[in-house]
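Position 1 is the first residue of the sequence, and the numbers go up from there.
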Amino acid sequence: SLLNKIYDFDINLFSGINLKYLQNQFVLDQRTINDPVFAKGSSKDNYTVDLGFLLVKDEFSVGISGKNLTQPDTGLISKENLPTELRVGLGYKFTNSVLSGDVSYREQQWGKQEDKVNVHLGLESEIFKDVLSIVGGVNMTEFGCGFLFKIPAKTKVDSYINFSFSYPFYLMNTSGNYRFGLVLKI
C-alpha cells in the first residue's frame, strides 16, 4: 500500500493505492479429491488494485475509494470475478477520537439492491498519544474491533502493528475473522 499527500493548503488532499495478491485455495480430502469443482486444480491466484482519495479540512474529512478495480477472476471451475466496491465516507475528529460513517456499493451480479449496499459506522480513539489506538465499528452484516500499536523507532519511517477482529451476524458456529498486519508509513 502507498499513501501520498498530493495537495497541502487549508484543505489537505491525500491519495492512496493498494496492490493486492489474492489466493483462493482449498485443502482436498478423500471426499473432495474427485469433485469436478477441483478438476483444474485446488487453488487460483490473481492480483487487483484499490484506489482512494481523502480530503481533510480542520476536523472534517471526506473520502472516496474503489476496491478490486480490475475485477480479478478467482474462480476454480468457471470464471468468478470479484466485484468492484465503491465507497464514500465522512469523518469528524474530536479530542483524541474520530467518528466516521460511510456507504458502500458492491457491483455484484447476484442478490437484490439491499445486498449490494452497506452502511458502516465506526469510532477510533487514541488511548496513549502516538502509541496505542483502539477501534470499533458496525455495519449491516458484522461488527468489529481492534487496535493499532506504534512501534517506537528513531527513523523517518513509522511502523505499526495492526490487529482486528470481526464477527459476522449471518454465520453460525464461527469464531470470527482475525487479521494481523504490519503497517509502514513512509
Using 0.5 Å steps for rounding, measure from the [atom1] atom of [X] to the [atom2] atom of [Y].
{"X": "Leu184", "Y": "Ser159", "atom1": "CG", "atom2": "OG", "value": "5.0 Å"}
{"X": "Ser42", "Y": "Asp35", "atom1": "OG", "atom2": "CG", "value": "11.5 Å"}
{"X": "Tyr178", "Y": "Ser164", "atom1": "OH", "atom2": "OG", "value": "11.0 Å"}
{"X": "Ile17", "Y": "Phe53", "atom1": "CD1", "atom2": "CZ", "value": "9.0 Å"}
{"X": "Glu85", "Y": "Asn118", "atom1": "CD", "atom2": "CG", "value": "8.0 Å"}
{"X": "Lys40", "Y": "Ser78", "atom1": "NZ", "atom2": "OG", "value": "8.0 Å"}

With sequence neighbours left out, write down each residue that passes side-chain hydrogen bond (donor to acceptor under 3.5 Å, both in side chains) with [X], or none if nothing qualifies.
{"X": "Asp29", "answer": "Thr32"}
{"X": "Lys20", "answer": "Asp50, Asn68"}
{"X": "Asn139", "answer": "Thr141"}
{"X": "Thr74", "answer": "none"}

Taking all atoms of both residues into account, what is the closest heavy-atom pair of [X] and [Y], and its distance?
{"X": "Lys57", "Y": "Asp10", "value": "CD-O, 3.5 Å"}
{"X": "Ser104", "Y": "His120", "value": "OG-CE1, 3.1 Å"}
{"X": "Leu171", "Y": "Tyr167", "value": "O-OH, 4.5 Å"}
{"X": "Gly176", "Y": "Pro168", "value": "CA-CD, 4.4 Å"}
{"X": "Ser61", "Y": "Leu54", "value": "CB-CD1, 4.0 Å"}
{"X": "Gly16", "Y": "Leu51", "value": "O-CD1, 3.3 Å"}

Holding to salt bridge (Lys or Arg N to Asp or Glu O under 4.0 Å), I want the full list of residues that pass it with [X], two or more places apart in sequence or in another chain.
{"X": "Asp115", "answer": "none"}
{"X": "Glu124", "answer": "none"}
{"X": "Lys67", "answer": "none"}
{"X": "Arg106", "answer": "none"}

With clusters defined by side-chain heavy atoms of hydrophobic residues (ILVMFWY) lying less than 4.5 Å apart, directly or transitively, does [Y] cluster with [X]?
{"X": "Leu69", "Y": "Val88", "result": "yes"}
{"X": "Leu13", "Y": "Ile11", "result": "yes"}
{"X": "Tyr160", "Y": "Ile151", "result": "no"}
{"X": "Leu19", "Y": "Tyr47", "result": "no"}

Ring-plane angle category for Phe165 and Phe143, please: parallel below 30°, perpendicular beyond 60°, tilted otherwise.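 Phe165 and Phe143: perpendicular rings.
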Quick one: do Thr84 and Gln71 satisfy side-chain hydrogen bond (donor to acceptor under 3.5 Å, both in side chains)? Show the steps, please. CA-CA 6 Å; Thr84 296; Gln71 296 184 332; 3.2 Å; yes
State whether Glu114 and Lys116 are salt-bridged, where the test is any N-O pair (Lys NZ or Arg NE/NH1/NH2 against Asp/Glu carboxylate O) under 4.0 Å.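 Salt bridge absent between Glu114 and Lys116.
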Pairs touching residues 157-182 that satisfy salt bridge (Lys or Arg N to Asp or Glu O under 4.0 Å), sequence neighbours left out: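 Pairs touching residues 157-182 that pass the test: Lys150-Asp158.
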Remaining members of [X]'s ILVMFWY cluster at a side-chain heavy-atom cut-off under 4.5 Å?
{"X": "Val62", "result": "Leu90"}
{"X": "Tyr92", "result": "Phe60, Phe94, Leu99, Leu123"}
{"X": "Leu22", "result": "Leu82"}

Show, in sequence, the C-alpha distance, side-chain angles and deciding distance for Thr48 and Tyr21, and conclude whether the side-chain contact (heavy atoms from CB on, under 4.5 Å) test is met. CA-CA 7 Å; Thr48 189; Tyr21 168 71; over 6 Å; no
side-chain contact (heavy atoms from CB on, under 4.5 Å) assessment of Phe163 paired with Phe149: CA-CA 9 Å; Phe163 174 80; Phe149 175 75; over 6 Å; no
Can any side-chain N or O of Asn162 pair as donor or acceptor with the backbone N or O of Leu148 at less than 3.5 Å?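 No, the answer is negative, given that no donor and acceptor are paired below the 3.5 Å cut-off.
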Indicate yes or no for a side-chain donor-acceptor contact from Thr155 to the backbone of Val157 under 3.5 Å, with no hydrogens or angles considered. yes
What verdict does the side-chain contact (heavy atoms from CB on, under 4.5 Å) test give for Tyr105 and Gln113, after you've listed the backbone C-alpha separation in whole Å, the side-chain angles of each residue and the deciding distance to 0.1 Å? CA-CA 9 Å; Tyr105 176 77; Gln113 190 65 21; 3.5 Å; yes
With a sphere of 6.0 Å drawn around CD of Gln109, does it hold more than 12 non-hydrogen atoms of other residues, nucleotides or ligands? no
Give a yes or no on this: more than 12 heavy atoms of other residues, nucleotides or ligands lie within 6.0 Å of atom CZ of Phe128.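 No, because the 6.0 Å sphere around CZ of Phe128 holds 12 heavy atoms or fewer from other groups.
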Please report the C-alpha distance between Asp73 and Glu80 in whole Å, then the side-chain angles of each, then the deciding distance to 0.1 Å, and finally whether the side-chain contact (heavy atoms from CB on, under 4.5 Å) criterion is met. CA-CA 5 Å; Asp73 178 16; Glu80 188 178 324; 4.3 Å; yes
Could you check if a side-chain atom of Phe38 sits within less than 4.5 angstrom of a side-chain atom of Leu76, using non-hydrogen atoms only? yes
